[in-house]
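One structure below.
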Protein chains: 2
Amino acid sequence: MSSPETTEAPARRQTRQRTAVLALLEQQDGFRSAQDLHALLRDRGDAVGLATVYRALQALVDDGLLDVLRGDDGEASYRRCSPVHHHHLVCRSCGTTVEVADAPVERWAARVAAEHGFTDVSHQVEVFGTCAACHAAQR
Amino acid sequence: MSSPETTEAPARRQTRQRTAVLALLEQQDGFRSAQDLHALLRDRGDAVGLATVYRALQALVDDGLLDVLRGDDGEASYRRCSPVHHHHLVCRSCGTTVEVADAPVERWAARVAAEHGFTDVSHQVEVFGTCAACHAAQR
DNA sequence: GTGGGCATGAGAACCATTCTCACACATCGG
DNA sequence: CCGATGTGTGAGAATGGTTCTCATGCCCAC
Ligand SMILES: [Zn+2]
Ligand SMILES: [Zn+2]
Ligand SMILES: [Zn+2]
Ligand SMILES: [Zn+2]
């Protein structure tokens, strides 16, 4: 039964919880962990189960609406990002994130992989630092 | 007491366990997780407590002898690496890793950060793919 | 409006990593 | 060589992020 479509559409449903998670992410400028988002939703009044927050984030990642970043402690953080391929410039202090898209680094990755006979290449490039605002306020 | 040296030396002791962990890493060509290393040591006969494996790895990282990489599942993997700054080209299949050092990407990261007023910059660059051997054996 | 089935949520389960603490032993002054 | 000293070890408990379970809720196509 169901539709014999080529690629089965997951038929994503619109619920209060998923809407709340995405809405909250829309008004964040940096990466936020699932735990943080769960706490923020609770404070804001739009209580959502922790498991549901994780499921919503996973779905949004699958749909390409979010980018994921692993901290040094292994905790995952999420951010509402543009759908085009890009990397990030993240402030270690306030978390402010700037999307960076640059052809040179893409070519570099492809070239390095090709030089060593690697195929099916992907890459992970992130830059961390202290933004101007934090550097000024730093004392 | 002790030495009034500039930077206090932690006085690292030489034990069978730490020697075994480093020796095992020396003969690995790719990144290995702490759990894997623990199992390998057990199989090999040089039994070492899991907690000790973690402590030895942490010490080796602090000494700059190892590089750490976080997998998509958040699990940390370790590899005996050269002390000079470099990045990695890792085979998703067999784990084989090639160290890559290239000035252009270093300059790129510095430039991107500077353009946005970021200071105290660090970066994280890794390339993943399928190595030639795995690609050939892949079918 | 109704029914089927995905979504939800509280809590248990999972699992990598860290902590606890009693005991072992590498190191070193004597 | 020997014994004191304090770091290193290890089994198991604790931690904490993430996932799973399953009974119940409710979105949405019909
Ligand atoms: Zn992004
Ligand atoms: Zn890229
Ligand atoms: Zn390395
Ligand atoms: Zn670099």
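Naming: A, B, ... by sequence-line order, numbering from 1 per chain.
- The pair B/Arg111-A/Asp102 counts as a salt bridge, with a side-chain nitrogen and a carboxylate oxygen less than 4.0 angstrom apart.
- Taking atom CG of A/Asp46 as the reference point, atom C1' of C/dT8 lies 15 Å away to the nearest angstrom.
- Rounded to an integer number of Å, the gap from CZ of B/Arg42 to P of D/dG10 is 11 Å.
- Where the helix from C/dG1-D/dC30 to C/dG30-D/dC1 starts and where it ends, the local axes point in directions that differ by 40°; five pairs per end, rounded to 10°.
- We find the OG1-CD distance between B/Thr97 and B/Glu126 to be 9.0 Å, quoted to the nearest 0.5 Å.
- With sequence neighbours left out, A/Thr19 forms a side chain to side chain contact (heavy atoms under 4.5 Å, CB included) with A/Gln14.
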Could you give the side-chain donor-acceptor pairs of residues 37-48 of chain A under 3.5 Å, partners two or more places apart or in another chain?
{"unit_1": "A/His38", "atom_1": "NE2", "unit_2": "A/Val48", "atom_2": "O", "d": "3.1"}
{"unit_1": "A/Arg44", "atom_1": "NH2", "unit_2": "A/Gln27", "atom_2": "OE1", "d": "3.2"}

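- Here C/dA7 presents its P atom at 12 Å from CG of A/Leu60, a figure rounded to the nearest Å.
- By the side chain to side chain contact (heavy atoms under 4.5 Å, CB included) test, B/Val100 is found to be paired with A/Trp108, A/Val112, B/Leu89, residues two or more places apart in sequence or in another chain being considered.
- To the nearest angstrom, P of C/dG9 lies 13 Å from CG of A/Leu57.
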Enumerate all atom pairs, one protein N or O and one N or O from nucleotides 17-20 of chain C, separated by less than 3.5 Å.
{"unit_1": "C/dT17", "atom_1": "OP1", "unit_2": "B/Ala76", "atom_2": "N", "d": "2.9"}
{"unit_1": "C/dT17", "atom_1": "OP2", "unit_2": "B/Tyr54", "atom_2": "OH", "d": "2.4"}
{"unit_1": "C/dT17", "atom_1": "O5'", "unit_2": "B/Tyr54", "atom_2": "OH", "d": "3.3"}

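- A/Thr119 is linked by a side-chain hydrogen bond (donor to acceptor under 3.5 Å, both in side chains) to nothing, counting only residues two or more places apart in sequence or in another chain.
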Contacts table for residues 49-62 of chain B: side-chain donor-acceptor under 3.5 angstrom, sequence neighbours left out:
{"unit_1": "B/Thr52", "atom_1": "OG1", "unit_2": "B/Arg55", "atom_2": "NH2", "d": "3.4"}
{"unit_1": "B/Tyr54", "atom_1": "OH", "unit_2": "B/Gln35", "atom_2": "NE2", "d": "3.2"}
{"unit_1": "B/Gln58", "atom_1": "NE2", "unit_2": "B/Asp62", "atom_2": "OD1", "d": "3.3"}

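- A search for side-chain hydrogen bond (donor to acceptor under 3.5 Å, both in side chains) contacts involving A/Gln124 returns nothing, not counting sequence neighbours.
- Annotation: ring pair (Phe, Tyr, Trp, His ring centres under 6.0 Å) contacts of A/His86 (sequence neighbours excluded): A/His88.
- With sequence neighbours left out, the salt bridge (Lys or Arg N to Asp or Glu O under 4.0 Å) criterion links B/Asp29 to B/Arg32.
- Residues that satisfy the ring pair (Phe, Tyr, Trp, His ring centres under 6.0 Å) test with A/Phe118, not counting sequence neighbours, are absent from this structure.
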Between protein and nucleotides 25-30 of chain D, what N or O pairs are separated by less than 3.5 Å?
{"unit_1": "D/dC27", "atom_1": "O3'", "unit_2": "A/Gln14", "atom_2": "O", "d": "3.3"}
{"unit_1": "D/dC28", "atom_1": "OP1", "unit_2": "A/Gln14", "atom_2": "N", "d": "3.3"}

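- Distances shorter than 4.0 Å separate some side-chain N or O of A/Gln17 from OP1 or OP2 on C/dG9.
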